[in-house]
2 protein chains.
Amino acid sequence: MREDTRKKITTPEIADDGAALGQSIREARQAKGWTLEEAGRAAGIGRSTLSKIENNLTRPSFDIIRRLTQALDMHTPNLFLQSGQSGISGRRDYTPKGRGEPKDTPTYLHELLCTDLTSKRMLPYISEIKARDISEFETWIRHSGEEFMYVLSGELTFISEHYRPLPMKAGDSLYYDSSMGHGCISTSAENARVLWVSLE
Amino acid sequence: MREDTRKKITTPEIADDGAALGQSIREARQAKGWTLEEAGRAAGIGRSTLSKIENNLTRPSFDIIRRLTQALDMHTPNLFLQSGQSGISGRRDYTPKGRGEPKDTPTYLHELLCTDLTSKRMLPYISEIKARDISEFETWIRHSGEEFMYVLSGELTFISEHYRPLPMKAGDSLYYDSSMGHGCISTSAENARVLWVSLE
DNA sequence: AAAAACTGTATCCTATAGGAAACAGAGTTT
DNA sequence: AAACTCTGTTTCCTATAGGATACAGTTTTT
């Protein structure tokens, strides 16, 4: 080994709050059984860079992390959790039938489900859509995210941009981009009941 | 203004594939009605840095982006979408009753819903849980993410780590951390039917 | 309408991110 | 056991991230 006469430049232990980022990546890589070389090639980065990232010896760019998470099929939301907050880890929330949290609007009767878990990512609720005429429709509902709906009872028509009205009845389900303008109207004599799960 | 004799170093238009990252951040900041100064202070970064990020003139570190997304209450998964793939934007997927894609396991009869939309983030399916004795239970199901379940018919018992068995019947709902070991057994004479929505 | 207080952008500079290559250690092969 | 071939780590270097500051444009105050 050759003599190193230079002043030692210290850059150790960056990790501060970013915390277990490197560890997460190392686990994901090893779960795939990949070497630094292989993972680096898949993500388009050098193995030295990857080594430093996994050992928290650097503060990688977002771009690098994005490429890595793609290559390793990683679960990205976890990476954003700072030490302390850990989502709903190890918890569950039970709501008996009809015991959700009511929330009414002029058009809908909502029953929010599992509201004790405030940090959950999906938002489940049951809506009672009041029977009414199609002419009452006013404006699109539009909000970023994705939504899944399942018709519990009754009949309704789902209307949205880019598509023609879709008649639905009990047992039917639908998944859609909620940033696309959308809305529901009951087309049965009685109210229709729908289970919704909204993301974001 | 003084004469600039240096060779112009060009660093414009980094944006390459990272794409609309800066735009997303600008939108989130403006949605909060914040100036660069305010948002920067909330995230602990300088306004000049933030300006460059929003205009895609730099390739920010993951750490910076994490601080920003926290301060701005941003929805992080979107940021990981690269330019080509845009989720399910502007699309919807309808599945009539009983027309899901069947997928059976020894214990469950699954019917996957809305399988045409492959890039959706939530995974909805209906499971028929075969009536059986509690003694048949073998091992925990465990996978990262969150799950919501809604009992459509029949009765069952949900069992999981950290908790005691939970009897559920039609109309009940449950939200839980799916990394926590869990499982279901039917406790009614006939099979129980459950609607599940799984996230990641 | 000048002065002042804002806004977001552009410039300058230093610490460092990330690639190339050297290094070190553990198996393999000849 | 020496020569190869892997692994992951460390060193070296250049391009650049991000803060400080100067600049420019717009609105508010005196």
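Here the structure is a predicted model, which is why all the values come from computation and not from measurement. Reminder, nothing fancy here: chain letters follow the sequence lines and each chain counts from 1. Hydrogens, waters and symmetry mates are skipped; everything else that's a heavy atom, side chains included, is used.
Following rounding to the nearest Å, A/Phe62 (CZ) and C/dA17 (P) show an atom-to-atom distance of 17 Å. C/dG19 atom P lies 15 Å from atom CG of A/Leu57, rounded to whole Å. Following rounding to the nearest Å, B/Leu68 (CG) and D/dA17 (C1') show an atom-to-atom distance of 14 Å. The distance between atom CZ of A/Arg41 and atom P of D/dG8, rounded to the nearest whole Å, is 12 Å. The nearest whole Å value for the distance from the CD atom in A/Glu54 to the P atom in D/dG8 is 8 Å. Atoms CG (B/Asp63) and C1' (C/dA15) sit 15 Å apart, rounded to a whole Å. If you measure from atom CD of A/Glu37 to atom C1' of C/dA21, you get 13 Å, rounded to the nearest angstrom. The distance between atom CH2 of B/Trp34 and atom C1' of C/dG8, rounded to the nearest whole Å, is 18 Å.
Checking C/dG18, C/dG8, D/dT7 against every side-chain atom of B/Thr35, the shortest atom distance belongs to C/dG8. Taking only side-chain atoms of B/Leu36, from C-beta outward, the nucleotide of C/dG8, D/dT9, C/dG18 with the closest atom is C/dG8.
Recorded end-axis angle for the helix from C/dA1-D/dT30 to C/dT30-D/dA1 stands at 10°, based on five pairs per end and rounded to 10 degrees.
At a cut-off of 3.5 Å, with distance as the only test, no side-chain donor of A/Tyr125 or A/Glu111 sits close to an acceptor on the other residue. A side-chain donor-acceptor contact under 3.5 Å links B/Ser198 and B/Glu147. Side-chain atoms of A/Arg92 and B/Ser160 form a donor-acceptor pair, as typed in the model, at a separation below 3.5 Å. A side-chain N or O of A/Asp177 and one of A/Ser179 form a donor-acceptor pair less than 3.5 Å apart.
Using a 4.0 Å cut-off between charged nitrogen and carboxylate oxygen, B/Glu155 and B/Lys169 do not count as a salt-bridge pair. A salt bridge links B/Glu54 with B/Arg29; the closest basic N to acidic carboxylate O contact falls under 4.0 Å.
The nearest heavy atom of DNA chain C to B/Ser61 and to B/Arg26 marks one nucleotide each, and the one closer to the 5' end goes with B/Arg26.
Under the 30°/60° scheme for interplanar angles, the aromatic rings of A/Phe148 and A/Tyr175 are found to be tilted.
Contacts between residues 42-52 of chain B and DNA chain D, defined by a heavy-atom separation under 4.0 Å, are made by B/Ile45, B/Gly46, B/Arg47, B/Ser48, B/Thr49, B/Lys52.
Side-chain nitrogen and oxygen atoms of A/Arg29 include at least one within less than 4.0 Å of the OP1 or OP2 phosphate oxygen of D/dG8. Between B/Asn55 and C/dG8 there is no side-chain polar atom (N or O) within less than 4.0 angstrom of OP1 or OP2.
For the atom pair A/Thr95 OG1 and B/Met168 CE, the distance stands at 8.5 Å (nearest 0.5 Å).
Using a 4.0 Å heavy-atom cutoff across all strands shown, A/Ile64 reaches sugar-phosphate atoms only and no base atom.
Between A/Tyr163 and A/Tyr176, the ring centre distance reaches or exceeds 6.0 Å.
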